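Note sheet for the following structure.
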Amino acid sequence: MNSSLLIFILNILYVSGWRDLKVRRFSDDFLFGAATAAYQVEGGWDADGKGESIWDRYLHEHPEVIADGVDGDVASDSYHNYKRDVEMLRELGVDFYRFSISWPRILPTGLPNQTNEKGVEYYNNLINELLKYNIQPVITLYHFDLPQKLQDLGGWTNELSVQWFEDYSRVVYEKYADRVKYWITINQPSTVCVDSYGSGVFAPGIKSSGFGDYLCHKNVMLAHAKAYRLYEKEYKPKYQGSVGIALSLNWADQLTNDTQNVEATDLYREFTLDLYLHPILAKSGNHPAAVRKLVARRSQEQGYKKSRLPELSAAEVELLKGSADFIGVNHYTTVLVSKSNKQHPKPSLLDDMGVDLSYRTEWRKSHSEWLRSAPYGLYKVLMYVNEKYDYPKFLITENGWSTSTGLGDQSRADNIREYLLALQLAIEDGSDVMGYTAWSLMDNIEWIAGTSERFGLYEVDFDSEEKTRKPRLSAFVYKRIIQKRILEPDWLPENLEISITQKVTREEL
Ligand code: GBH
């Protein structure tokens with residue numbers, strides 16, 4: 001389907017309340033979940049022997065970068081509220097909870113010379129509490145919070161980071177792999193590298209676009225592959241779990257159909273999608289040729305002796321190839337691409353790509369500048385990956401919407417239903433999708449936006465001592481979808497009382 005036809009169909013579906021269309025059911029084995037990440041919800045930033053992370057350091061030193069000045073020191077205090085978190089998951093009736101482990105909470109120095117038993121115990125408690133209610137833990141090993149001690153040695157731009165991450169992964173598998181069947185190595189290598197060592201808007205705030213981000217890219221991808229291979233070799237035979245990676249896979253469409261913009265869009269997709277997918281999913285492996293050649297040529301023109309995007313050796317290509325049992329899809333929005341006529345700093349990622357980005361004015365705005373609603377993009381991006389890489393297994397690991405405070409989040413409820421419809425269409429057209437994860441279970445520290453942008457199905461009262469959680473309208477809508485396994489566009493809860501759903505026991509996730 002081309003995009004205008006798809007937009008048209010999705011519009012009709014929406015305007016007509018989807019009544020005229022066949023009822024699409026999520027199959028019984030389709031999994032629904034909700035997600036959070038350690039720094040964003042846990043708090044307890046130095047509790048019980050936890051080491052400092054790059055986000056602790058960055059926001060303590062630069063409170064001025066946070067929109068409302070609220071950092072993750074206490075956050076939603078999930079370090080103390082994990083039982084309430086599991087209760088919320090039971091209220092929703094989800095199949096799984098995706099959360100991340102704070103590396104410095106387990107290994108304060110970053111290395112396995114010293115393990116923080118209290119930290120290990122926290123995740124043990126959380127895992128056991130989930131399993132007690134038949135909710136499967138889905139663990140992300142790394143969601144942006146590197147131990148500061150490793151950053152002091154270059155962090156993800158140091159080649160040794162590959163080894164550091166593998167060693168950390170072993171500690172975590174050793175402790176929890178007997179009970180945890182789903183693993184995600186790294187959350188969004190693009191954010192870990194481009195936002196953190198390129199634009200520098202994220203911790204550790206290093207501005208080295210077109211260089212630091214590429215150095216990081218190679219290491220983060222190899223770190224992922226090492227953690228995958230480690231599980232495959234030492235844990236999979238015993239526990240039969242699976243390991244994937246969560247990629248930021250937003251869609252990009254051309255601003256107009258002239259050749260220039262179509263070509264710019266193709267290139268932009270190579271840089272934002274294929275740079276991450278190709279090494280893992282392509283038969284030939286390695287970085288996409290277009291990106292490899294372009295960065296090598298420009299680097300040479302700019303006087304560098306080697307490509308700013310470090311090459312992969314034959315052994316590294318092999319290590320990465322096929323290193324995911326599923327692709328975690330973090331999908332939020334769509335951007336429009338046009339060829340840029342502006343001068344960007346050299347070197348920089350923007351200069352390498354040579355594009356400008358914008359949004360279609362009709363796309364509903366969220367409370368985050370970068371996030372507009374364009375559900376057809378989820379369909380498009382999944383079909384793009386399907387066609388290029390032969391229908392891999394997907395888990396939607398994040399999809400969500402931001403609002404301000406308040407429980408009446410009709411826009412989030414609409415967003416979930418619209419994106420789930422796009423997902424159903426993608427499944428109908430052959431996508432192999434294991435499940436869907438709502439970002440986020442609850443309001444949290446939205447990185448440099450602090451608490452000024454709310455993504456939660458549950459609202460968190462950050463002013464209260466207990467960090468009280470209350471279900472929003474969208475929590476009821478999501479619960480209803482999970483229960484009925486169909487989308488009912490007009491459904492509204494009669495009141496905002498939520499109760500714990502009795503879960504049907506499933507043998508396996
Ligand atoms: C996800 O990234 C993250 O995985 C999750 O932790 C986060 O809470 C969620 O998004 C909602 O934001 O600061 O203006 O430069 C989604 C991709 C990449 C979008 C970083 C925002 C920074 C924008 N994000 N990007 S800005």
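Residues: numbered from 1 along the sequence shown. As the structure is a prediction and not an experimental result, all values here were calculated from the model. Atoms within a ligand are numbered from 1 in the order they appear, just like the ligands themselves.
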Exercise for the section: Please report which non-hydrogen protein atom sits nearest to atom 1 (C) of ligand 1, along with the residue it belongs to and the distance in Å to one decimal place. Expected result: E398 OE1, 3.2 Å
Practice task
Taking the six-membered ring for Trp and the full ring for Phe, Tyr or His, determine whether the centres of F165 and H224 are under 6.0 Å apart.
Solution key: no
Exercise for the section: Note the single closest protein heavy atom to atom 23 (C) of ligand 1, along with its residue, its atom name and the distance in Å. Expected result: W370 CD1, 4.0 Å
Exercise for the section: Heavy-atom distances under 4.0 Å are what count here, so tell me which part of N250 touches ligand 1: side chain, backbone, both or neither. Expected result: neither
Handout entry: Salt-bridge present (R105, E42; N to O < 4.0 Å)
Key = yes
Practice task
Classify the side-chain pair R98/T140 by whether it contains a donor and acceptor separated by less than 3.5 Å.
Solution key: yes
Handout entry: Identity and distance of the protein heavy atom lying nearest atom 18 (C) of ligand 1
Key = T191 OG1, 3.7 Å
Fill in the blank from the handout: shortest atom 15 (O) of ligand 1-to-protein heavy-atom contact is with V201 CG2, 3.6 Å
Handout entry: Among Y332, W401, F455, closest by any non-hydrogen atom to atom 9 (C) of ligand 1
Key = Y332
Handout entry: Lys/Arg N to Asp/Glu carboxylate O, E418 vs R364, below 4.0 Å
Key = yes
Exercise for the section: Answer yes when D356 and K339 have at least one side-chain N-carboxylate O distance shorter than 4.0 Å, and no when they do not. Expected result: no
Fill in the blank from the handout: Among non-hydrogen protein atoms, atom 13 (O) of ligand 1 lies closest to I448 CD1, 3.6 Å
Fill in the blank from the handout: of all protein heavy atoms, closest to atom 8 (O) of ligand 1 is E446 OE1, 2.7 Å
Practice task
Check if E369 has a non-hydrogen atom at a distance under 4.0 Å from any atom of ligand 1.
Solution key: no
Practice task
Ignoring hydrogens, just give me the one of T140, I445, D195, T333 whose non-hydrogen atom is nearest atom 20 (C) of ligand 1.
Solution key: D195
Exercise for the section: Scan side-chain atoms only and decide if N444 and Q40 contain a donor-acceptor pair under the 3.5 Å cut-off. Expected result: yes
Exercise for the section: Would you verify that at least one protein heavy atom lies under 4.0 Å from atom 4 (O) of ligand 1, or report that none does? Expected result: yes
Exercise for the section: May I ask you to identify, for Q188, whether its side chain, its backbone, both or neither come under 4.0 Å of ligand 1 on a heavy-atom basis? Expected result: side chain
Problem - H143-ligand 1 polar pair, N/O distance under 3.5 Å - result: yes
Practice task
Say whether D56 and Y39, considering side chains only, have a donor N or O and an acceptor N or O under 3.5 Å apart.
Solution key: no
Handout entry: No-hydrogen, no-angle side-chain donor-acceptor test under 3.5 Å, T437 and T397
Key = no
Problem - Centroid separation Y384 to W251 less than 6.0 Å - result: yes
Problem - Interfacing atoms of ligand 1 (cut-off 4.0 Å, heavy-atom, W447) - result: 5 (C), 6 (O), 7 (C), 8 (O)
